[in-house]
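Excluded from the calculations below are hydrogen atoms, water molecules and symmetry mates; all remaining heavy atoms, backbone and side chain alike, are included. Just so it is clear: chains get the letters A, B, ... in the order the sequence lines come, proteins before strands, and each one is counted from 1.
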Amino acid sequence: MTGDRAAGRVLRRGALPDVTYDVCVVGAGVVGSAIARELARHPGPRIAVVDAADDVGEGTSKANTAILHTGFDAVPGSLEARLVREGQRLLAAYAAESGIPVEPVGALLVAWDDEQLAALPGLLEKAVRNGYDAARLIGPDEVRAREPHLGPGALGALDVPGESIICPWTTTLAYATQAVRSGVDLLLGCRVERIDAAEGLHVLRTGRGVVRARYLVNAAGLHADTVDRMLGRDDFGVTPRRGQLLVFDKLARGLVRHILLPVPTALGKGVLVAPTVYGNVLLGPTAEDLDDKTATGSTEEGIAGLREKGRRILPALLDEEVTAVYAGLRAATEHEDYRISAHKEQRCVTVGGIRSTGLTASLALAEHVAGLLGDVGLDLKDAGEPDPVRMPAIGEAFPRPYQRADLIAADPAYGAVVCHCERVTRGEIRDALASTVPPVSLDGLRRRTRARGGRCQGFFCGAEVRALLEGGEGPVSR
Amino acid sequence: MSVERFVDVLVVGAGPAGLATAAGLAAAGVGEVEVVERDQEAGGAPRHCPNRGFGRFGTTGPQYAERCVTAAVNAGAVLRTGVSVTGWASPLTLDATSPRGLERITARAVVLATGARERPRAARLVAGTRPAGVFTTGELQRSFHRHGQHIGTRAVVVGAEPVSFAALDTLRQAGVEVAALVTGHPRHQAPRARAADARLRHGVPLLTDATVTELLGRGRLSGVLLRHRDGRTARLACDTVVFTGEFVPDHELARRGGLTMDPGTRGPAVDSAFRTAHRGVFAVGNVLHAVEPARTAAHEGSLASAAVLRHLLDGDWPPAAVPVRVTPPLAWAAPNRLTVDEPDDGFTLRVTEFVPSPRLTVTQDGRELFRARRRRPAVPNRPFRVPGQWTGRVDPRGGAVLIALSAGRG
Ligand SMILES: Cc1cc2nc3c(=O)[nH]c(=O)nc-3n(C[C@H](O)[C@H](O)[C@H](O)COP(=O)(O)OP(=O)(O)OC[C@H]3O[C@@H](n4cnc5c(N)ncnc54)[C@H](O)[C@@H]3O)c2cc1C
Ligand SMILES: Cc1cc2nc3c(=O)[nH]c(=O)nc-3n(C[C@H](O)[C@H](O)[C@H](O)COP(=O)(O)OP(=O)(O)OC[C@H]3O[C@@H](n4cnc5c(N)ncnc54)[C@H](O)[C@@H]3O)c2cc1C
């Protein structure tokens with residue numbers, strides 16, 4: 001149905017379009033992008049997404065543990081439990097259709113002491129209350145047989161076969177791509193600084209000018225409380241809870257088969273060890289309550305603490321090279337559940353407190369928010385299906401371009417490896433630069449292709465990748 | 001589908017080591033000697049180092065690389081660039097990707113000459129933000145000398161070994177002011193004249209006993225935090241930081257092939273004939289010892305060609321050799337396995353700290369095989385050689401050979 005609608009624009013600088021939108025979504029994270037995509041299924045409304053950053057998914061959505069949760073351990077009966085459960089199903093199907101890398105590796109919650117072991121039956125029961133029936137308790141021998149590289153002392157585990165790993169970057173990008181192709185304007189580099197109300201319109205003052213819209217969705221993640229205050233409301237406050245993570249080289253991938261989740265106890269939560277869809281291994285995250293919503297740096301203590309905990313879980317992991325250290329901020333609030341509310345008189349919906357499950361829940365959140373917008377008066381009828389997208393194959397579970405004779409025969413650029421550690425070809429970089437939502441930074445290009453994301457961090461390919469990003473003039477002679 | 005091909009010898013990597021191996025083999029009349037190189041140009045790491053200090057008489061890196069290439073090609077080796085070897089299909093069969101498609105190449109002998117790289121910031125676990133302006137020497141040299149990219153305005157160089165001073169040269173040519181060289185060691189580890197030149201003529205301070213603990217800045221680097229061994233901390237403003245040295249072998253293929261690795265060098269374990277644990281698979285150059293000068297890598301290449309040739313002629317592959325181990329402050333030895341009756345070229349060692357008037361002992365099962373003293377100190381990040389005249393006395397059925405180094409009294 002969206003085939004007959006003109007594609008939207010991706011605007012990163014210059015004047016904003018002089019358009020009165022029906023809906024403006026503030027925040028182009030995984031949640032805001034999913035909402036825009038969902039709304040764009042309807043032929044009526046003109047939609048804009050605004051984000052302060054110069055790319056989609058530059059906030060918490062780029063820095064998480066990349067797990068597609070079953071929701072087995074959610075608070076039973078909560079909105080989060082329902083949306084995670086539904087979102088998991090929706091995203092698994094969407095990922096398969098769109099080529100978003102996913103691997104259904106399953107999870108083991110490994111108990112390392114008696115207290116943790118004693119907590120497992122309760123978790124199993126909670127899983128059942130959350131409608132998840134496939135979990136079961138397994139003994140130490142089965143744990144060891146299934147994870148031969150585990151450190152000594154595992155007493156047992158809860159086996160949760162439905163947990164998967166997914167690519168968070170491709171997910172956000174797929175939503176944004178489909179939204180833009182269905183007519184949504186993506187206004188980047190636009191921080192919303194003030195929101196005024198005028199004649200049935202929200203007037204958003206941004207660093208780059210004014211955006212007018214009849215309806216507003218606040219999907220500003222860590223800043224959802226700030227944006228809410230611009231609307232005159234004070235329902236919750238966001239406390240950033242930092243999670244630092246270490247990424248280990250792909251040569252470590254053989255050490256772990258499942259997502260190894262910690263067992264939460266009164267003494268706090270441990271860390272996880274999980275494979276990634278790119279073939280790395282993650283160790284983390286920490287959980288640190290902070291005041292600063294920009295504190296996405298890692299710390300010496302954080303890194304040392306993670307290594308200490310990781311050594312117990314998977315000793316051999318520590319001998320492998322670390323290819324990245326990063327930190328994400330969970331948008332924690334004073335409430336246990338998501339903070340989603342609709343306000344008829346203000347024609348807006350706030351999507352707040354999407355703390356640690358937003359990637360999984362994103363498609364269900366989007367459906368839920370579209371429903372709420374309908375409740376507060378937005379005319380959403382004749383939903384259709386957007387044209388499918390096919391995202392670049394940057395996961396290891398399926399053949400990558402460098403492995404495909406057919407692709408290379410049709411276009412030799414897919415045989416020209418530029419980034420050797422991650423085996424990214426010139427063809428893939430070219431495609432990313434020409435895509436619907438192209439990257440403007442090396443990090444943006446890395447999230448789309450993995451170029452420079454490997455063990456050498458640019459020692460071999462950094463200069464050439466930068467040259468391709470900056471406009472591809474060839475080598476100079478000096 | 002992959003194209004299947006057969007050659008006599010497949011050399012992976014066209015750096016000085018791989019090219020010298022290929023040149024030797026082709027000159028000896030081995031039929032098909034093929035070198036595959038993933039870069040667009042052959043020559044290896046020296047291609048990107050415009051400084052002099054390669055070979056004799058002030059040869060620059062690119063000149064040296066060119067000579068290595070010419071020698072291999074003139075000898076009759078086939079050199080193919082833009083071909084990435086991506087993995088193993090069977091013990092002597094490798095998969096490769098190039099714009100011409102996929103290939104599966106089987107050889108009578110495989111030589112891994114994949115070189116080494118510097119450890120980047122993440123591998124060194126330096127905390128902080130993830131701004132732009134963070135380099136290794138390798139990336140810095142390619143960015144400036146090859147692509148003419150803008151580097152920055154004020155840099156901190158992490159490391160004070162020979163390659164760190166090469167980074168300094170590149171920064172100077174790129175118009176970048178250098179705030180300091182920072183090393184965790186008590187002294188620099190470069191030739192004296194080099195260090196004096198940086199300090200006296202160019203006024204670059206050398207901060208010793210200090211480490212960079214954190215990077216600062218959003219978007220672009222704004223500074224680094226330093227910590228001195230005594231606990232003092234300081235902040236240096238800069239928009240560029242270059243992590244130099246701390247080389248590690250580029251060992252992916254070796255590991256994917258299941259070769260036994262040496263825990264010290266982190267490269268494949270080899271004996272003095274460059275034999276790995278797998279029959280027919282050799283390894284040579286900086287993948288064995290990160291890093292030695294280019295001439296050493298090339299010299300090894302010619303020794304390796306003789307060893308490969310012998311294997312092609314007699315098919316011999318002596319059984320598991322005696323391991324060579326080291327104790328701190330030695331970090332590693334290469335080669336690190338001993339096949340008795342093998343002619344050898346001695347051993348290269350590395351120390352983790354300065355050792356004045358070093359005394360060296362080599363033992364096997366408590367029996368002393370060799371003892372020596374040196375007047376010059378052993379210096380971290382610099383080669384330290386041990387001759388191999390004692391290897392004839394190694395018991396092939398005995399335990400590991402142990403090399404130890406300790407400080408003498410003046
Ligand atoms: C360490 C960690 C691990 C996690 N692991 C998982 C996991 O395994 N599985 C899972 O499902 N979830 C996980 N999560 C949670 C998940 O990452 C988040 O729930 C999700 O990314 C939230 O998306 P969002 O779009 O709400 O927020 P964000 O991605 O933060 O997007 C908000 C956007 O709003 C923009 N913005 C803010 N203020 C303004 C303004 N004034 N004007 C314009 N734009 C503005 C920001 O620039 C940002 O791009 C994890 C989170 C963390 C931190
Ligand atoms: C920044 C820097 C400065 C240096 N300065 C000096 C100096 O001043 N003087 C000096 O004597 N030495 C110097 N060296 C060291 C010198 O460059 C090395 O000793 C020499 O290059 C080692 O040769 P090699 O053949 O072992 O490895 P390399 O030269 O590293 O060659 C390895 C080759 O293998 C290729 N390769 C790797 N994997 C694959 C694969 N899977 N498929 C295909 N090809 C592959 C690589 O692309 C590379 O071309 C410097 C090194 C560096 C990095």
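Around CZ of Arg255(B), the count of heavy atoms belonging to other residues, nucleotides or ligands within 6.0 Å exceeds 12. Heavy atoms from other residues, nucleotides or ligands lying under 6.0 Å from CG of Asp291(A) number 12 at most.
Of the inter-residue distances, the one linking Leu251(A) atom CG with Met261(B) atom CE reads 8.5 Å to the nearest 0.5 angstrom. Taking CZ of Phe460(A) as the reference point, atom CZ of Arg117(B) lies at 7.0 Å (rounded to 0.5 Å). Note that the OG1 atom of Thr296(A) and the CZ atom of Arg218(B) stand 5.0 Å from one another [nearest 0.5 Å].
One N or O on the side chain of Thr97(B) and one on the backbone of Tyr402(A) form a donor-acceptor pair closer than 3.5 Å. A donor-acceptor distance shorter than 3.5 angstrom exists from the side chain of Gln149(B) to the backbone of Ala463(A), with no hydrogens or angles considered.
Here the closest heavy-atom approach between residue Phe459(A) and residue Arg142(B) is recorded as O-NE, 3.6 Å.
Residue contact with chain A, scored on non-hydrogen atoms closer than 4.5 Å, involves the side chain of Phe135(B) exclusively. Contacts of Arg38(B) with chain A are made by both backbone and side-chain atoms, with heavy-atom separations under 4.5 Å. For a residue to count as touching a neighbouring chain, one of its non-hydrogen atoms must lie under 4.5 Å from one of that chain's; by this rule His251(B) touches chain A with the side chain only. Of the two parts of Ile303(A), only the side chain, counted from C-beta on, holds a non-hydrogen atom closer than 4.5 Å to a non-hydrogen atom of chain B. In this structure, chain A has heavy atoms under 4.5 Å from both the backbone and the side chain of Ser143(B). In this structure, chain B has no heavy atom under 4.5 Å from any part of Ser441(A). Interface remark: Arg124(B) contributes no atoms to any contact with chain A (heavy atom separation under 4.5 Å). If you measure heavy-atom distances from Ser84(B) to chain A, the contacts under 4.5 Å come from the side chain alone.
In this structure, the side chains of His147(B) and Glu470(A) stay at 4.5 Å or more apart for every pair of heavy atoms. Considering only heavy atoms from C-beta on, Asp250(B) stays 4.5 Å or farther from His420(A) through its side chain. Contact check for Gln457(A) versus Glu139(B): no side-chain heavy atoms found under the 4.5 Å cut-off. Within the 4.5 Å cutoff, no side-chain heavy atoms of Leu125(B) are placed close to those of Glu300(A).
Contact count versus chain B (heavy atoms, under 4.5 Å) is highest, among Cys461(A), Cys456(A), Ala413(A), for Cys456(A).
Under the rule for a side chain to side chain contact (heavy atoms under 4.5 Å, CB included), the partners of Asp95(B) that lie at least two apart in sequence or sit in another chain are Thr86(B), Ala89(B), Arg104(B).
At a heavy-atom cut-off of under 4.5 Å, chain B is reached by Arg404(A), Ala405(A), Ile408(A), Pro412(A) from residues 404-412 of chain A, listed in order of number.
Salt-bridge formation is not detected for the pair Glu464(A)/Arg146(B): no Lys NZ or Arg NE/NH1/NH2 atom is positioned less than 4.0 Å from an Asp or Glu carboxylate oxygen.
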